[in-house]
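Report on one structure; see the data block that follows.
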Amino acid sequence: MGAGLYLVWPAFYTDVTDSYRLGRGGRLRTDLGGLYFNAIVAVAIMGLWWATGFDALLLVVATQILQMVRQLLPLVRFDGYHILADATGVPDLFQRIKPTLLGLLPWNWGRPENRVLKPWARAVVSIWVLITVPLLLFSLVLMVLALPRLLATAWDSLLKQQEMFSDALSAGDVTGATVRVLAMAAVALPTLGMLYIVVRLLRQLVTGLWRKTSSSVLQRTAAMGAVVALFAGLAWAWWPDGGTYRPVQPYERGTLVDATTSVFPNSAGTSLREGGSRRTVALWPSDAPKPTREHPQLSMVLVPVEGSSGSADASQSIAPSWVFPFDRPAAPEDGDNQALAVNTTDGSVTYSVAFALVWAEDGEPVDNRNDAYAFANCSGCAAVAVAFQVVLIVGQTDVLVPENLSAAANYNCLDCLTYALASQLVLTLDGPLGDASREQLSALWAEIAEYGRNIRNVPVSEIQGRLTAYKEKITAIIRNDPSATRKAGQATAPTDAATPTTTLTGTTPATQVPDGPAPAPSGSAPASAPVQQPTPDEVTPSFAPDETVQPTGDVGGALPEDVTPAPTGQGTPR
């Protein structure tokens, strides 16, 4: 027993030459020794998995079973080859290829050399030759043609592994770095093996033809002409043109995933997945060029996750799958306010409400964002997003760029409604509010928060008007406070951005994202004397419940019938 290199691959081996002193049964038991060893390893690893529950060990078991199946192939000198050789009594089957092929010719049927083997052994060897020779030639041609793309795939994989190796070293992860080294070796060895086989076959072909044609100039000229033609064909197949050296992609035909799907068509499921192969219908614009095999076009397949049902409790609801052909809105930052209603469940209504009252300190930049997004991908459904933000600036600020945005989109919707309303109020105070004004503002904000919690019971057509009335009340409280308006000037910037989108009929996707009005900046704040910063109890926390409501009937049961989506709101800075 020992270890060595088989072409370029490290391999363990056992010298079983003395097995030829045994009978046929003994030799067959020897040939099965490798499979017996693999079976013992698989059983031992299975027992280890049973004891530890470490699921990665199951991969080792699977590789052992695949290795056993591979070793049974009689095409090359694996265990299956030696089993067939010892069963037929032919020590070297490859030496019988030429005599077998010549013996199949009609004019050679009566020759004595064809009767060396017993009839059943001659039949088995003949079948092996007729299967092995075409398959080996076909595999060789495929390897030569696919070699450029396999080299490109190996190079691409090596670059990725090298990048992860560098990251592991930078993080001090010795185990991760070791794994990456082993991964690079696993990628490099098969590539080097293919290159070695091709170079070795070409060298043997050229030297063999050169030696056999040494006695005839005409034969040598013809043989070298054939060699030149072979190299010209290789140059044509390996010439870097177009996608010759493009790495193999998971979705291409001829991969293991594609072969598995072809053999087991039901294994791919009912929907398209990455790396999968199934039939679907693609619609292209009439004036757009159609994709071809030579000039393919990338497309995006949007698959909603099944079973994502809404819940009345936002803390326990499962976030719906993002199936829309645009990026998810960025999460709000400190001082921002965002309502995001996403509905992918048929026959349901999703509300997202975010109310926030923000105090800005003296000299602090005011760049608060107030966003409302309503997106739907379902049938007989609705998504409503309402974002209401009040920004109170106490003192002077040099940077004043508040943003108020809304967007509503229906994607692949049938009989659905999306409504997004973003309403923002920005006020500048010359000084802190008095005690009475603070109490009035706190009481009013408590009323506003309660309104937000029950907003799903309010007709959509009334929401914008109610929020506008609340802004007027807040403005009145600030205006009537002498300490907050010690000077004549003050700036207020109420803005509304309402984006309704409704799809009632039709089977084609309806995606509408109307552009909301540009955010209206606040007016310049007048100079003021230093003011006292608001204390913690003067800062009202934001109120942002997210709710998903399952109506008992149709959508009209949750959205009153008098719903009239408000047009895109206008805001006039004051």
Side-chain angles (χ1 to χ4, degrees), residues 1 3 6 8-14 29 31-83 150 153-154 156-158 160-165 167-168 171 173-194 247-278 303 305-308 318 321:
M1 300 178 69
Y6 182 70
V8 299
W9 292 279
F12 296 98
Y13 69 91
T14 303
R29 288 194 300 271
D31 297 333
L32 292 172
L35 298 175
Y36 180 68
F37 176 78
N38 289 123
I40 291 178
V41 172
V43 172
I45 297 297
M46 198 70 183
L48 187 61
W49 168 79
W50 187 275
T52 63
F54 187 49
D55 290 340
L57 295 174
L58 295 177
L59 294 176
V60 180
V61 177
T63 55
Q64 290 297 317
I65 296 175
L66 291 176
Q67 179 72 4
M68 294 170 65
V69 175
R70 175 174 172 266
Q71 287 294 329
L72 285 174
L73 293 176
L75 304 180
V76 290
R77 298 182 190 274
F78 291 152
D79 291 341
Y81 170 86
H82 295 292
I83 292 172
L150 294 178
T153 306
D156 182 69
S157 180
L158 286 174
K160 294 179 181 178
Q161 294 296 333
Q162 192 275 334
E163 182 179 355
M164 290 187 284
F165 171 75
D167 294 340
D173 185 5
V174 179
T175 303
T178 304
V179 170
R180 297 309 163 193
V181 171
L182 295 176
M184 287 189 283
V187 173
L189 284 178
T191 306
L192 295 175
M194 287 186 295
V248 177
Q249 303 300 318
Y251 54 80
E252 293 191 58
R253 303 299 302 270
T255 60
L256 291 177
V257 175
D258 178 68
T260 304
T261 305
S262 301
V263 177
F264 305 102
N266 294 329
S267 63
T270 58
S271 59
L272 286 172
R273 300 292 179 185
E274 182 181 1
S277 175
R278 293 189 66 84
V303 183
V305 175
E306 297 179 358
S308 58
I318 301 175
S321 173

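Nothing here was measured: the structure is a model prediction, and the numbers come from that model.
- Looking at every heavy atom in both residues, P247 comes nearest to D156 through CG-CB, 4.0 Å.
- Smallest separation of non-hydrogen atoms from P190 and A185: CD-O, 4.4 Å.
- Side-chain contact check for T178 versus V174: some heavy-atom pair is nearer than 4.5 Å.
- Closest of all the heavy-atom pairs between D55 and W49 is OD1-NE1, 3.0 Å.
- I40 CD1 to L35 CG: the interatomic distance, rounded to the nearest 0.5 Å, is 11.5 Å.
- Across all non-hydrogen atoms, the minimal contact from L158 to M184 is CD2-O, 3.6 Å.
- Between L32 and I83, the closest side-chain pair of non-hydrogen atoms falls below 4.5 Å.
- Within 6.0 Å of atom CZ in R29, 12 or fewer heavy atoms from other residues, nucleotides or ligands are found, so the atom counts as exposed in its surroundings.
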For this session: Would you sort out whether L57 and V61 count as a side chain to side chain contact (heavy atoms under 4.5 Å, CB included), showing the intermediate values?
Result: CA-CA 7 Å; L57 295 174; V61 177; 5.8 Å; no

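- The closest donor-acceptor contact from the side chain of S157 to the backbone of T153 lies at 3.5 Å or more, if one exists at all.
- Across all non-hydrogen atoms, the minimal contact from N38 to M68 is CB-CG, 3.4 Å.
- Nearest approach of D31 to H82, heavy atoms of both residues: OD2-O, 3.1 Å.
- Between R70 atom CZ and L75 atom CG the span is 11.5 Å, to the nearest 0.5 Å.
- Side chains of L150 and M194 form a contact here, defined as non-hydrogen atoms less than 4.5 Å apart.
- Annotation: side chain of V76 is not in contact with side chain of Y81 (no heavy-atom distance under 4.5 Å).
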